[in-house]
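Take a look at the structure below.
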Protein chains: 2
Amino acid sequence: MKTELKAEPLYLKIKNHILGRIDSGEWMTTMRVPSENQLVKEFSVSRMTTNRALRELTDEGYLVRVAGVGTFVAELKAQSNPLEIHNIADEIRSRHHVYSAEVLKCEAIKVNDKIAAYMNIDTDVTLVHSLIIHKEQGIPIQLEDRLVNEDVVSGYGDQDFTKKTPYEYLIKQAPLQKVEHVVKAIMPTGSTKSLLDMSDQEACLLIERRTWTKGRVASTAKLYHPGSRYELSGLFKPE
Amino acid sequence: MKTELKAEPLYLKIKNHILGRIDSGEWMTTMRVPSENQLVKEFSVSRMTTNRALRELTDEGYLVRVAGVGTFVAELKAQSNPLEIHNIADEIRSRHHVYSAEVLKCEAIKVNDKIAAYMNIDTDVTLVHSLIIHKEQGIPIQLEDRLVNEDVVSGYGDQDFTKKTPYEYLIKQAPLQKVEHVVKAIMPTGSTKSLLDMSDQEACLLIERRTWTKGRVASTAKLYHPGSRYELSGLFKPE
DNA sequence: AAGTGGTCTAGACCACATC
DNA sequence: ATGTGGTCTAGACCACTTG
């Protein structure tokens, strides 16, 4: 497992040495760790090297440093753990399954006040509305109901979304400054239920996503998933 | 907004200079950025300083470096965005609402084969089973159904969970090596529905969580939420 | 006064890509 | 041969905290 013939960099040796002490529980939370100068002596390296090791471990959340005082094992940051939300086509392909899409709608629309406020635009702005079913092995797994501001993302309405998902097109076009996600469990409406081939008494996992580019809302999407066929999962490991 | 009197470190000046070019779209994805030596001349600093700036931007996902070739603006990593799952009590308190808990069960149990496999233990191991309702302003918002291996986390069965949540106790006791989350939308069973005061035709947001300590499964939990009163949200901003 | 972290320099050697 | 990134050294100055 750890037979590097290639010679491990010195700063990494030091990082792993410290991580080992923390993982084993030998150095508990809030305990002091050796100073840069102590590590300089112990490992016979320069201070820049020990500084890099300790600085990177601090950036990664393992240590806390206080100038003039010392370096300490960080409190456990267990209150928040990341869950990743992937692009649906990539996710399906990563399971080595066949991805396909059915475009139900892709047209310009006028917006009402509620949507205008949600997207932070005037009511006279024209948006493109797309409605797409994403399928895994031919089975519906996501209904994507999306609004796009073409003032921010040009050419959206002219794409062939059976070839490339809207999300893939958007991130190529727009720098993508900020993304907001909300995950909910709901009961599907009649049309959502039939479009996704859902059974009676089946819940729906809904992801609402809003993306910003250059300070403006580029797009909003509602992603509906059959509860029996879709779930979000995430594995969080420090390092 | 940007009136530092304290003198910004040189490596940060360089980082911000590059980030500005990327954010503005001036330096598009896959474009080459100046080499370390070019930045050394431009900013009149040593190479260690430009190296740190470029290395940190690389660690943060903005740049890609290839030894012997150059440094480039990274492809947008938009395929995965983090969604954070918080400890329920902290979450409620952060909304300045009153948190309370009702402990329905907290007792030792024998496990069946399915659970033993899921927790990677022998069937003769005794677990502690706790069932707790977490409330916001007195209204049920989470039903926590948890199994804990006391060989890994000692003293679990003796805690008062109206004062401190199981999750808070667990992370204090165990180093918390790895966390797995699965988020689902389901229809609640009759008892879940009544314990959470849910209406008919209301979906249930379920989070299944498994935590590891020192290579062993310390605890598994099913967290049930009323779909009308709970949602997960996350805002992702680079930087 | 002594120790700590935070930053920075002006060199250096290496492996690797490109021309 | 030249340029690139990856690493490392042996100093240095500073602001800060502690005794």
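This is a predicted model, so every value here is computed, not measured. Sequence lines set the chain letters: A, B, ... in the order given, protein chains first and strands last, and positions in each chain run from 1.
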- Item | Contacts of type side chain to side chain contact (heavy atoms under 4.5 Å, CB included), residue Asp160(B), not counting sequence neighbours | Thr162(B), Lys163(B)
- Message: Going by the rule ring pair (Phe, Tyr, Trp, His ring centres under 6.0 Å), which residues pair with Tyr99(B) if we only count those two or more places apart in sequence or in a different chain?
- Response: His134(B)
- Query: Sequence neighbours excluded, which residues qualify as side chain to side chain contact (heavy atoms under 4.5 Å, CB included) partners of Leu57(B)?
  - Reply: Lys15(B), Ile18(B), Leu19(B), Glu60(B), Tyr62(B), Leu63(B)
- Query: What residues, two or more places apart in sequence or in another chain, satisfy side chain to side chain contact (heavy atoms under 4.5 Å, CB included) together with Ala218(A)?
  - Reply: Val152(A), Val153(A), Thr211(A), Thr213(A)
- Item | Annotated protein contacts, base or backbone, on nucleotides 4-12 of chain C with a non-hydrogen cut-off under 4.0 Å, one of B, S, - each | BBBBBBB-B
- With sequence neighbours left out, write down each residue that passes ring pair (Phe, Tyr, Trp, His ring centres under 6.0 Å) with Phe161(B), or none if nothing qualifies. Tyr156(B)
- Using the ring pair (Phe, Tyr, Trp, His ring centres under 6.0 Å) rule, collect all pairs that involve residues 7-38 of chain B, keeping only residues at least two apart or in two chains. His17(B)-Phe43(B)
- Note on the structure: The side chain to side chain contact (heavy atoms under 4.5 Å, CB included) partners of Ala116(B) (sequence neighbours excluded) come to Val111(B), Ile121(B), Thr123(B)
- What stem regions, each of at least 3 consecutive Watson-Crick or G-U pairs below 3.5 Å, can be found for DNA chain C? C:1-16 with D:3-18
